[in-house]
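Written below as structure tokens is the structure these notes are about.
We name chains A, B, ... by the order of the sequence lines, and we start the count at 1 in each one.
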Protein chains: 2
Amino acid sequence: MSAIPKYAGGDRKDLQKLLRDNNFRSTEGRLALLSALKCSRKPLSVETLARQIGSRLDDVNVYRALQAFAAAGISRRVDLQHSHAHYEFNDEHDHHRIVCTSCEKVEDFTGCECDTLAHKALKQTHGFAKVTNHSLELFGVCNACVSR
Amino acid sequence: MSAIPKYAGGDRKDLQKLLRDNNFRSTEGRLALLSALKCSRKPLSVETLARQIGSRLDDVNVYRALQAFAAAGISRRVDLQHSHAHYEFNDEHDHHRIVCTSCEKVEDFTGCECDTLAHKALKQTHGFAKVTNHSLELFGVCNACVSR
DNA sequence: CTACCTGCAAACGGTTTGCATTGCC
DNA sequence: GGCAATGCAAACCGTTTGCAGGTAG
């Protein structure tokens, strides 16, 4: 009966283990947060996350948890050039986003070949030892917005 | 004798013309701002820009000008994952940055081949009509920081 | 002369911090 | 029982807005 989504896809026990394995305590709030991140197919804002989590964790602790999770590599911060950050579950799979600059539409794509690029960049520049990660987003117009 | 850099490389008249051509009035503050952007080989923060411009334009108007310039395509906003925005002169040349996550070091590189990637992404996803621009940064460790 | 540009002060909104309390392990 | 996690209030800081006076064209 609750308005809050259940632990669909990948269940509660997995998330509990994930928390414990990273030296976090397993609390309702953090489980709900991880579940929301894991079930979403696109990066979520803190506002959206807090809404889904309801009273199980207030905004401030959503920030704190997201920060801790990102440091542990569980989640990741993404910049969609809105005025606030978005977060996604870190599944280690190198995918990126295409974002509509007119509405909020976001989709995934793969195949950035950034390892090759990183290699090229390290040769071109001379002051860098290694590349640890990268950000890449495409911005454009979705089908719905282009026909307006 | 002034601490403020002169209009090196690309002189005052060019910048005046650039402003006029974009329907802006040519003022000391905006000329100084454009000059600072044009002379820098890396994106600058508002704080840095305001310092270089000195009393010729206060912070608020640096924001206003940068916003207007970006809308006109004269300058561009870049996200280096610091806690504030950086801006660069828009020379239409597709280059990107490699950023040290430990110090503030930034270098340029080219060769992202994002047109190809944009093409691939439009095929993979089905909800998008076109790609208008993209962001891409590499994050890593510079030689100085790696040996610490 | 009149729209654009500017400075100053104040608002804004996302994010962070301090601190006392709660509750997992 | 001890330390991580939490709630609440308040600070923070980059950025935006309002408005009255100044200035380029």
Side-chain angles (χ1 to χ4, degrees), chain A residues 4 12-13 15-37 43-72 74-87 104, chain B residues 12-13 15-36 43-72 74-87 104:
Chain A
I4 300 160
R12 191 179 172 91
K13 286 223 166 59
L15 298 179
Q16 287 181 327
K17 183 172 187 318
L18 182 59
L19 285 169
R20 299 265 171 72
D21 288 352
N22 285 277
N23 293 315
F24 293 119
R25 290 182 182 172
S26 166
T27 65
E28 281 310 311
R30 293 187 164 199
L31 285 170
L33 178 56
L34 281 183
S35 179
L37 287 173
L44 299 173
S45 67
V46 171
E47 191 191 354
T48 304
L49 284 166
R51 193 165 351 103
Q52 290 191 22
I53 290 164
S55 62
R56 288 176 289 185
L57 211 51
D58 81 346
D59 299 17
V60 170
N61 290 308
V62 171
Y63 280 108
R64 282 198 261 234
L66 288 169
Q67 201 167 289
F69 291 170
I74 297 177
S75 68
R76 180 195 291 161
R77 184 178 182 149
V78 181
D79 175 33
L80 303 181
Q81 299 197 359
H82 298 158
S83 50
H84 50 269
H86 288 74
Y87 295 84
E104 298 273 292
Chain B
R12 189 179 174 91
K13 287 222 166 60
L15 297 179
Q16 288 182 326
K17 183 172 185 317
L18 181 60
L19 284 170
R20 299 266 173 70
D21 288 351
N22 285 277
N23 293 315
F24 293 118
R25 289 184 180 172
S26 165
T27 65
E28 281 310 309
R30 296 188 161 197
L31 285 170
L33 177 56
L34 281 183
S35 179
L44 299 173
S45 66
V46 171
E47 190 191 355
T48 305
L49 284 166
R51 193 165 353 101
Q52 290 191 22
I53 290 164
S55 62
R56 288 176 289 185
L57 210 52
D58 81 346
D59 299 18
V60 170
N61 288 308
V62 171
Y63 280 108
R64 281 198 261 236
L66 288 169
Q67 201 168 288
F69 291 170
I74 297 176
S75 67
R76 181 195 291 160
R77 184 177 182 151
V78 182
D79 175 33
L80 303 181
Q81 299 198 359
H82 297 158
S83 50
H84 50 269
H86 288 73
Y87 295 84
E104 299 274 290

When you match S26(B) and T27(A) each to their closest nucleotide on DNA chain D, which lands nearer the 5' end? T27(A)
Reported CD-to-OG distance for the pair E104(A) and S45(A), which is rounded to 0.5 angstrom: 8.5 Å
Which of residues 60-70 of chain B sit near DNA chain C, with a heavy atom under 4.0 Å from it? V60(B), N61(B), R64(B)
I need the CZ-P distance between F24(A) and dT6(D), as an integer number of Å. 11 Å
Nearest whole Å is fine: how far is dT15(D) P from H84(B) NE2? 7 Å
If you find the nucleotide of DNA chain D closest to N23(A) and the one closest to A85(B), which residue's nucleotide is nearer the 5' end? N23(A)
How many Å lie between CG on L19(B) and C1' on dG25(D), as a whole number? 14 Å
First contact, last contact: which nucleotides of DNA chain C are these for chain A, 5' to 3', heavy-atom distance under 4.0 Å? dG14(C) to dC25(C)
Taking all atoms of both residues into account, what is the closest heavy-atom pair of A65(B) and L33(B), and its distance? CB-CD2, 3.5 Å
If you measure from OG on S26(A) to NZ on K13(A), what distance do you get to the nearest 0.5 Å? 11.0 Å
Would you tabulate the side-chain donor-acceptor contacts of residues 77-86 of chain B under 3.5 Å, counting partners in other chains and residues two or more places apart, or write 'none'?
{"unit_1": "D79(B)", "atom_1": "OD1", "unit_2": "Q81(B)", "atom_2": "N", "d": "3.0"}
{"unit_1": "H86(B)", "atom_1": "ND1", "unit_2": "H84(B)", "atom_2": "O", "d": "3.4"}

With side chains defined as the heavy atoms from C-beta onward, is the minimum distance between L57(B) and T27(B) less than 4.5 Å? no
Distance check, rounded to the nearest 0.5 Å: L34(A) atom CG versus Q16(A) atom CD? 11.0 Å
Here the distance between atom P of dA5(D) and atom CD1 of I53(A), to the nearest Å, is 15 Å
When rounded to whole Å, the CG to C1' distance for the pair L57(B) and dT15(D) reads 15 Å
To the nearest Å, how far apart are D59(A) CG and dA10(D) P? 16 Å
When the distance from CD of Q16(A) to P of dA4(D) is rounded to whole Å, what number comes out? 20 Å
Is L18(B) close to N22(B) at the side-chain level, that is, under 4.5 Å between some pair of heavy atoms? yes
Any L49(A) side-chain heavy atom under 4.5 Å of L66(A) side chain: yes
Considering only dA5(D), dT23(D), dT15(D), which nucleotide approaches the side chain of R25(B) most closely? dT23(D)
Would you indicate whether the side-chain heavy atoms of L15(B) and R12(B) approach each other to under 4.5 Å? no
